[in-house]
Amino acid sequence: MKKIKGINFFCFVEISLFFFMTSCSLRYDDNSSVESTIPEFIFYNTNLSRYENNKKTVELNAGVVEQYSNSSDTYIKDVEFKMFNDENEVASKGKCGYLFINNDGNAYQLFDNISFSNNEKNINVFAQSLFWNSISEQLVSGIDEIVEIQKDDISIKGKGLSLSAISDKFEFSGPIEGIIESE
């Protein structure tokens, strides 16, 4: 009986090892899923400036900045920014709760209590969600998003904003309401 028990034990160990070795599915060499979910770097209470031709073009202050490896995406929280003209004067400024930047697509998504003003064009924009494409210079909102625009003596609220920085024109695809002041 001892011999049979030894054979049975030996077979049990061999079968168990076989299943253990063949059923393990962990891939220690593949860490791509981990890298895509963990930021490559995080900055807190950040002040960043961009210079072109020895002139400051953008200044950004943020509570948190996250950049991910293998990606051109940047996520920023509690954002305030200024854009400067050639005379180093503030041309535009704004703030929002969250800013997502896709550097490859030159696309910017702004969220949460957005306020934006352009001093040169005398326009103010207020919204909860906006999308800016820096190539086409288009600022758009979602079709059901309410956006307020103040320009000169006009204050308008509406849904579905499309604003062109090139042509200085804007339109709403949905209903609007507003105030026009005249002297």
Side-chain angles (χ1 to χ4, degrees), residues 39-68 71-143 145-173 176-183:
E40 183 176 11
F41 63 79
I42 302 173
F43 295 122
Y44 297 96
N45 302 318
T46 305
N47 184 353
L48 302 171
S49 296
R50 179 175 69 191
Y51 287 83
E52 295 174 9
N53 300 323
N54 259 355
K55 291 184 179 181
K56 187 189 294 189
T57 57
V58 177
E59 181 179 284
L60 182 131
N61 297 305
V64 181
V65 177
E66 295 181 354
Q67 176 70 45
Y68 290 80
S71 171
S72 68
D73 297 340
T74 303
Y75 298 89
I76 307 172
K77 182 179 178 188
D78 299 328
V79 183
E80 290 188 22
F81 58 90
K82 295 177 186 174
M83 293 180 271
F84 298 88
N85 61 20
D86 291 337
E87 288 77 36
N88 200 31
E89 298 167 337
V90 176
S92 300
K93 64 181 179 178
K95 65 180 181 176
C96 62
Y98 298 94
L99 173 62
F100 165 72
I101 302 171
N102 179 305
N103 292 302
D104 287 342
N106 294 304
Y108 302 80
Q109 292 178 316
L110 297 88
F111 301 98
D112 196 25
N113 296 318
I114 303 162
S115 67
F116 176 81
S117 64
N118 183 300
N119 297 334
E120 295 173 341
K121 297 181 181 185
N122 195 27
I123 189 167
N124 298 304
V125 178
F126 305 95
Q128 291 299 314
S129 173
L130 292 171
F131 175 81
W132 170 255
N133 183 309
S134 63
I135 295 172
S136 65
E137 295 190 35
Q138 284 287 124
L139 182 70
V140 297
S141 72
I143 196 161
E145 292 290 327
I146 296 173
V147 179
E148 180 178 358
I149 292 184
Q150 298 171 350
K151 182 168 174 58
D152 300 321
D153 297 338
I154 300 171
S155 178
I156 299 173
K157 285 184 184 179
K159 292 184 178 182
L161 171 71
S162 178
L163 183 146
S164 171
I166 296 171
S167 68
D168 284 337
K169 295 182 179 178
F170 63 89
E171 65 180 312
F172 291 95
S173 62
I176 62 168
E177 63 180 53
I179 299 170
I180 299 173
E181 293 182 17
S182 62
E183 293 180 20

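This structure is a prediction, so every number in the text was calculated from the model and none was measured.
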- [ ] Would you please say whether a donor-acceptor pair under 3.5 Å links the side chains of Glu148 and Ser155?
- [x] yes

Task: Residues forming a salt bridge (charged side-chain N to carboxylate O under 4.0 Å, His left out) with Lys121, sequence neighbours excluded - done: Asp168

Task: For the student: nearest non-hydrogen atoms of Ser141 and Ser129, plus distance - done: CB-O, 3.8 Å

Would you tabulate the side-chain donor-acceptor contacts of residues 75-86 under 3.5 Å, counting partners in other chains and residues two or more places apart, or write 'none'?
| residue | atom | partner | partner atom | Å |
| --- | --- | --- | --- | --- |
| Asn85 | OD1 | Glu87 | N | 3.0 |
| Asn85 | OD1 | Asn88 | N | 3.2 |
| Asn85 | OD1 | Glu89 | N | 2.9 |
| Asn85 | ND2 | Glu89 | OE1 | 3.3 |
| Asn85 | ND2 | Glu120 | OE2 | 2.9 |

TODO: Return each pair, listed once, that meets salt bridge (Lys or Arg N to Asp or Glu O under 4.0 Å) where at least one residue sits in residues 48-64; pairs must be two or more places apart or across chains.
DONE: Arg50-Glu52, Lys56-Glu59

TODO: Answer yes or no: are there more than 12 heavy-atom neighbours, outside Ile179 itself, under 6.0 Å from its atom CD1?
DONE: no

- [ ] Drop me the distance from Gln128's CD to Cys96's SG, to the nearest 0.5 angstrom.
- [x] 10.5 Å

- [ ] Determine whether Leu60 and Asn47 make a side-chain contact, defined as any pair of heavy atoms from C-beta on separated by less than 4.5 Å.
- [x] no

Open item on the list: Rounded to the nearest 0.5 Å, what separates atom CG in Asp152 from atom CD in Glu181?
Closed with: 11.0 Å

Open item on the list: For the CD atom of Glu171 and the CD1 atom of Ile156, what is their distance to the nearest 0.5 Å?
Closed with: 12.0 Å

- [ ] Rounded to the nearest 0.5 Å, what's the gap from CD1 on Ile166 to CG on Leu163? Could you check?
- [x] 11.0 Å

TODO: Output every pair passing salt bridge (Lys or Arg N to Asp or Glu O under 4.0 Å) with a member in residues 93-107, not counting sequence neighbours, ordered by first then second residue.
DONE: none

Task: Heavy-atom side-chain contact between Tyr108 and Ser134 under 4.5 Å - done: yes

- [ ] Indicate yes or no: at least one non-hydrogen side-chain atom of Phe126 is less than 4.5 angstrom from one of Gln150.
- [x] yes

- [ ] Please name the pair of heavy atoms, one in Ile176 and one in Gly158, separated by the smallest distance, quoted to 0.1 Å.
- [x] CG2-CA, 3.8 Å

Task: Qualifying residue, where the test is side-chain contact (heavy atoms from CB on, under 4.5 Å) with Val140 and the options are Trp132, Phe131, Phe170 - done: Phe131

Task: N/O donor-acceptor pair under 3.5 Å between Asn124 side chain and Lys151 backbone - done: no

Open item on the list: Has Ser164 got a side-chain atom pairing as donor or acceptor with Lys169's backbone, closer than 3.5 angstrom?
Closed with: no

Task: Spacing of CD1 belonging to Ile114 relative to CG belonging to Leu139, to within rounding of 0.5 Å - done: 8.5 Å

Open item on the list: With no hydrogens and no angle check, just 3.5 Å: does a side-chain donor-acceptor pair link Thr74 and Gln67?
Closed with: yes

- [ ] Give the intermediate values and the outcome of side-chain contact (heavy atoms from CB on, under 4.5 Å) for residues Phe100 and Asp73.
- [x] CA-CA 7 Å; Phe100 165 72; Asp73 297 340; 3.7 Å; yes

Open item on the list: Taking Ser72's backbone N and O only, do any of them form a donor-acceptor pair with Asn103's side chain (distance below 3.5 Å, no angle check)?
Closed with: yes

Task: Spatial distance of atom CD1 (Ile143) from atom CZ (Phe172) [nearest 0.5 Å] - done: 13.0 Å

Task: Any residue meeting side chain to side chain contact (heavy atoms under 4.5 Å, CB included) with Phe43, in chain and number order, not counting sequence neighbours - done: Phe41, Thr46, Val65

Open item on the list: Would you say that more than 12 heavy atoms from the other residues, nucleotides or ligands in this model lie under 6.0 Å from the CG of Leu48, or not?
Closed with: yes

Task: side chain to side chain contact (heavy atoms under 4.5 Å, CB included) partners of Ile180, counting only residues at least two apart - done: Ile154

Open item on the list: Side chains of Ser162 and Gln138 only: does a donor on one sit below 3.5 Å from an acceptor on the other?
Closed with: yes

